[in-house]
2 protein chains.
Amino acid sequence: MDNDGARTGTDVMPLDRSSPMPLWAQLVDELTRRLKAGHFAERLPTDQELMTTYGVSRQTARDAVRRLGESFRLERHRGKGTFVRQAQFELPVGIMYSWFQAIESQGAKQDSVVRACELRQDVIVAEELAVEADLPLFYLERLRLADGVPLALDRIWMPAVLAAPLMETDFTHTALYDELRDKAGIVPTRGQETIHPVIPIPSVARLLEMPKGAAAFTIVRRTWIGDRPLERRDTIVRGDRHAFVSSWSQEPGAQATEPRLKLVAQT
Amino acid sequence: MDNDGARTGTDVMPLDRSSPMPLWAQLVDELTRRLKAGHFAERLPTDQELMTTYGVSRQTARDAVRRLGESFRLERHRGKGTFVRQAQFELPVGIMYSWFQAIESQGAKQDSVVRACELRQDVIVAEELAVEADLPLFYLERLRLADGVPLALDRIWMPAVLAAPLMETDFTHTALYDELRDKAGIVPTRGQETIHPVIPIPSVARLLEMPKGAAAFTIVRRTWIGDRPLERRDTIVRGDRHAFVSSWSQEPGAQATEPRLKLVAQT
DNA sequence: CAAGATCTATTGTTCGTACATTCGAATCAT
DNA sequence: ATGATTCGAATGTACGAACAATAGATCTTG
């Protein structure tokens, strides 16, 4: 991997002024390439630098940066420069993330009853997490409450090698991903959630204090770091008190609102 | 409402060059105002027209139009001009829309068994649709099949005054919104879907040929034309053969994929 | 030393200009 | 009439220039 600011010669690919592709497009490609190669970890070139480095006008340089910002999260500040926004730790980790946030923002106190936090063996989950069947897995089972009312039952499996630093954590008030980041330096890069309707088994229904004959959601989440499986999580959410809601509308001529599902508490 | 191209004098609000707000921003506001007032039904002013009308440079005019395009769906064509993209009839009508599309794109033949297509009275739904309780409602009940396999049970209520032209339609292969648009000239502008897990009542479970003890999704959709309720629809989807799936990923530095749920068939 | 003033770097806004590219209509030649 | 050519309109690309606004560093001064 090349060094950052170093001009090693092969660093900069000159633009092709005879190409039919616009200069700004070539510059976008070039900057994208360098960004992905790890350049500009901190700061992007200034307008002036782009002008002299690539021999374009400021207009063209700015145009390229503007369009680059459609793919990358860039922040420009007068007097300072252009920066790649640091990867946020609070990734949009699917539906559950926004849900717990919404609950919090409505003023309800969240906490969890930790029902298990241990190392376990499980052949089936081990297979899914791509670890040897006889290796231990970190297992965390929590009953999540909002103002003391059961909301969901959360069961998490992770390879023990990755989750070892979390063993001693008190998960009563702590978010898993925060702990993972702070104690193990791990942040998931990819995730998937699958949502099914289920009839919870009696023991779970009792835990969640659900009325008899009510259905629930199961949300199965899988996360990865690159290609490496990090986590499998099964969450059972009470279906009688929560729903997924999607709204859309279209002002005449205006952009249509993308349908986006939100898990919300029922009144 | 003012006429379109007519320059009636109050049509054009001049920009304030002493304002701290950039000219392009003022121009965006002005064009937004006029768009919402029904101007430019067909074509937006050309760069040249904006320059002379508002006394700005082409750069500024183009900048304004570019940013206007972030709120409105604009199409610019060399040699032709700038146009407001016509409201598409195939609105992103929530989750179900993409679901039936996905099924179709996977090659499965869809059709419906029309179980009821009639006028009915229903006090509760009438209340919801904001019509007099003793007025009739258009009621359509369909069992939706993919390659002959039951997928979902669909029940639709609409005010009869709006849906009258649909009474004679054969809904075996026809999409409701297409019919509404073609025969009644009606297109919903707003919608909401709420998704719950349920245990279907035996008669419905039998219709959907669901295994005993399986749960299902109910999707309640409400649509409006402006503020006027158009439709209430209850759809019961087999939960053992379908799921909502949401994926997200984050390239380093790249825009995070918004979590978006899709209803998909299980393999 | 500290508070204020000044300078420098960097992005934001705005003007002007020129030519390229594409579309559609008008014109011309056959 | 019909096909090819030309022309005008409109957007796309690219250059140059100037000044404004902001942040941070440096300098000045009490």
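Note on naming: letters A, B, ... go to the chains in the order of the sequence lines (proteins, then strands), and numbering restarts at 1 for each one.
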Subject >> Euclidean distance, atom CD of residue Q26(A) to atom C1' of dA14(D) [Å, nearest integer] >> reply: 13 Å
**OP:** Mind calculating the distance between CZ (R43(A)) and P (dG24(D)) to the nearest angstrom?
**Re:** 12 Å
Original post:
Where the side chain of R222(A) meets the backbone of L230(A), is there a donor-acceptor pair that is under 3.5 Å apart?
Top reply: no
Original post:
Has the side chain of S19(B) got a donor or acceptor atom that lies under 3.5 Å from a matching backbone atom of M21(B)?
Top reply: yes
Original post:
Under 4.0 Å: is that the gap between some side-chain N or O of R76(B) and OP1 or OP2 of dA10(D)?
Top reply: no
**OP:** Provide, to the nearest angstrom, the distance between the CG atom belonging to L74(B) and the P atom belonging to dT11(D).
**Re:** 11 Å
Subject >> Of H77(A) and W24(A), the one whose closest DNA chain D nucleotide lies more 5' >> reply: W24(A)
Original post:
Taking C-beta and beyond as the side chain, do L74(A) and V65(A) meet within less than 4.5 Å on heavy atoms?
Top reply: yes
Subject >> Exam field: side chain R190(A) to backbone G226(A), donor-acceptor pair closer than 3.5 Å >> reply: yes
Original post:
Counting only N and O atoms by type, is there a donor-acceptor contact under 3.5 Å from the side chain of D111(A) to the main-chain atoms of T172(A)?
Top reply: no
Original post:
Can you pull the contact range of chain A along DNA chain C, 5' to 3', using atoms under 4.0 angstrom from its heavy atoms?
Top reply: dA9(C) to dT13(C)
Original post:
Backbone N or O of M13(B) within a donor-acceptor pair of the E30(B) side chain at under 3.5 Å?
Top reply: yes
Subject >> Gap between atoms CE and P, on M51(B) and dA9(D) respectively (whole Å) >> reply: 15 Å
Subject >> Integer-rounded Å distance: dC19(D) P and R78(A) CZ >> reply: 17 Å
Original post:
Rounded to whole angstroms, how far apart are CD on E75(A) and P on dA23(D)?
Top reply: 14 Å
**OP:** Report the distance from atom CZ of R17(A) to atom C1' of dT13(D), rounded to the nearest whole Å.
**Re:** 11 Å
Original post:
Can you list, by residue number, the residues of residues 57-67 of chain B that have a non-hydrogen atom closer than 4.0 angstrom to DNA chain C?
Top reply: S57(B), R58(B), Q59(B), T60(B), R67(B)
Original post:
Are side-chain N/O atoms of D154(B) and T235(B) paired as donor and acceptor at under 3.5 Å?
Top reply: yes
Subject >> Any side-chain donor near an acceptor of the partner, E179(A) and T174(A), under 3.5 Å >> reply: no
**OP:** Compare side-chain N and O positions of T82(B) against OP1 and OP2 of dA10(D) and report whether any pair is under 4.0 Å apart.
**Re:** no
**OP:** Test Q26(B) against Y54(B) for side-chain contact (heavy atoms from CB on, under 4.5 Å), laying out the working first.
**Re:** CA-CA 10 Å; Q26(B) 295 182 48; Y54(B) 292 102; over 6 Å; no
Subject >> Nearest listed nucleotide, side chain of K80(A), among dT11(D), dA23(D), dA14(D) >> reply: dA23(D)
